[in-house]
2 protein chains.
Amino acid sequence: MRRDIFQAIADPTRRAIIGLIAVQAMTPNTIAEHFETSRQAISKHLRILSECELIQQEQKGREIYYQLELNKLKEIDQWLAQFKAIWENRFNELDNILANLKNKTDENESTI
Amino acid sequence: MRRDIFQAIADPTRRAIIGLIAVQAMTPNTIAEHFETSRQAISKHLRILSECELIQQEQKGREIYYQLELNKLKEIDQWLAQFKAIWENRFNELDNILANLKNKTDENESTI
DNA sequence: TAAATTTGCAACTAATTGGTTTCTTAATTT
DNA sequence: AAATTAAGAAACCAATTAGTTGCAAATTTA
């Protein structure tokens with residue numbers, strides 16, 4: 001059973017759950033009310049999110065409040081960071097090209 | 001066939017492919033050499049990445065060079081942004097709490 | 001204490017996924 | 001022109017997934 005954070009956010013229902021409980025902790029029943037699907041299906045999604053440590057639970061009597069572990073989402077951000085680096089590098093390269101171009105133009109101007 | 005960017009990056013092989021071609025465009029054969037799996041399997045992954053517009057292809061003779069569409073990765077970043085906002089808000093709230101606490105302390109001090 | 005509520009778990013099912021093998025098409029060598 | 005190479009497409013298969021129904025455990029409420 002592959003179960004990492006990327007697989008966790010692949011499902012649109014799970015992303016919606018994440019969006020819901022990001023604002024405030026909720027019980028499975030309350031979460032399920034926001035969807036067409038059954039409470040049990042939501043429960044399964046919550047288990048997957050739990051296994052990935054994307055959510056935490058707090059028992060209050062017979063209710064369980066599920067809360068988003070915002071920090072865990074940073075792992076996705078970290079994965080993205082390497083590509084942001086490339087992205088910014090490309091811009092820097094463009095800067096260099098433009099700078100070189102400008103230098104050449106300046107040289108040409110000076111030799112006119 | 002659900003086929004969005006989140007589902008595209010859910011597979012570890014596809015994430016590895018993304019990492020590979022981020023640096024420079026590659027042909028399916030070259031990409032496949034980096035993995036245990038078959039060229040055909042890689043070809044399937046490339047098709048999925050193409051359908052999500054995460055990669056672009058450039059035909060050169062009988063070879064096809066696949067290149068990462070860095071911009072598309074920003075969609076993930078945008079999804080993350082809403083949670084970053086919450087994250088930063090929580091810090092601001094903490095700041096407010098601390099500020100209030102300080103004010104109260106100051107008041108107390110002034111009434112001593 | 002009995003009934004109702006909240007939740008998780010197990011068994012089952014249909015659809016999807018990632019992979020393989022085989023085949024075709026197109027371009028390049030020889 | 002014939003052989004080789006690069007790549008996509010189709011058919012098939014095993015594993016996984018997301019969902020269902022039914023049930024058991026624990027907590028509240030009447």
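Note that this is a predicted model, so its numbers are computed, not measured. All heavy atoms count here, side chains included; hydrogens, waters and symmetry mates do not. Each chain gets a letter, A, B and so on, in the order its sequence line appears, and its residues count up from 1.
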## Note on the structure
Rounded to whole Å, CD of A/Q40 lies from P of C/dT6 at a distance of 13 Å
### Task
State yes or no: do B/Y65 and B/I42 share one hydrophobic cluster built from I, L, V, M, F, W and Y residues joined by side-chain heavy-atom distances below 4.5 Å, directly or via other members?
no
### Query
Closest to the B/T13 side chain: C/dT7, C/dG19, C/dG18?
C/dG19
## Note on the structure
Taking D/dG8, D/dG19, C/dG18 as options, the one with an atom nearest any side-chain atom of B/Y66 is D/dG8
### Summary
Rounded to whole Å, CZ of A/F6 lies from P of C/dT17 at a distance of 19 Å
### Task
Let me know the distance between CD1 of B/I42 and P of D/dA9, rounded to the nearest Å.
16 Å
## Note on the structure
Value for CD1 (B/I76) from CD1 (B/I5), rounded to nearest 0.5 Å, stands at 4.0 Å
### Summary
Here the distance between atom C1' of D/dT16 and atom CD1 of A/I48, to the nearest Å, is 11 Å
### Query
Does D/dA7 have OP1 or OP2 sitting under 4.0 Å from an N or O in the side chain of B/R47?
no
#### Entry: Donor-acceptor pair under 3.5 Å, A/K44 side chain vs D/dG19 base
yes
### Query
Can we say A/E88 and A/K84 salt-bridge, meaning some charged N sits less than 4.0 Å from an Asp/Glu carboxylate O?
no
### Query
Residues two or more places apart in sequence or in another chain: which of them pass salt bridge (charged side-chain N to carboxylate O under 4.0 Å, His left out) with B/E53?
B/K72
### Query
Are B/W79 and A/I17 joined in one hydrophobic group, where the rule is that I, L, V, M, F, W and Y side chains link up if heavy atoms are under 4.5 Å apart?
yes
### Task
Report the distance from atom CG of B/D11 to atom C1' of D/dT16, rounded to the nearest whole Å.
12 Å
### Query
Within less than 4.0 Å of OP1 or OP2 of D/dA7, is there a side-chain N or O belonging to B/N29?
yes
### Query
If you find the nucleotide of DNA chain D closest to A/R39 and the one closest to A/H45, which residue's nucleotide is nearer the 5' end?
A/H45
#### Entry: Nearest-nucleotide 5' precedence on DNA chain D, B/L46 against A/E36
B/L46
### Nearest-0.5 Å distance that lies between atom CG in B/L68 and atom CD in B/Q24
12.5 Å
### Task
Give a yes/no answer on whether the side chain of A/T27 brings an N or O atom under 4.0 Å of OP1 or OP2 in C/dT6.
no
#### Entry: Separation of atom CD in A/E33 from atom C1' in C/dT6, rounded to whole Å
12 Å
### Task
Establish, with yes or no, whether the OP1 or OP2 oxygen of C/dG8 is under 4.0 angstrom from a side-chain nitrogen or oxygen of A/S43.
yes
### Task
In whole angstrom, give the distance that lies between atom CZ of A/R15 and atom C1' of D/dA18.
15 Å
### Message
Less than 4.0 angstrom between a side-chain N/O of B/S38 and OP1 or OP2 of C/dT20, yes or no?
### Response
yes
### Task
Go through residues 55-65 of chain B and report each residue with a non-hydrogen atom lying under 4.0 Å from DNA chain D, sorted by number.
B/R62, B/E63, B/I64
### Query
Counting only side-chain N and O atoms of A/T37, is one of them less than 4.0 Å from OP1 or OP2 of D/dT20?
yes
### Query
C/dT17 C1' sits how many Å from B/L49 CG, rounded?
14 Å
### Query
Looking at side-chain heavy atoms only, is the closest gap between A/I9 and A/L54 below 4.5 Å?
yes
### Message
Measuring to OP1 and OP2 of D/dT17, would you say a side-chain N or O of A/Q7 lies under 4.0 angstrom away?
### Response
yes
### Message
Hydrophobic clustering (ILVMFWY, side-chain heavy atoms < 4.5 Å, transitive) - are B/I48 and B/I55 grouped together?
### Response
no
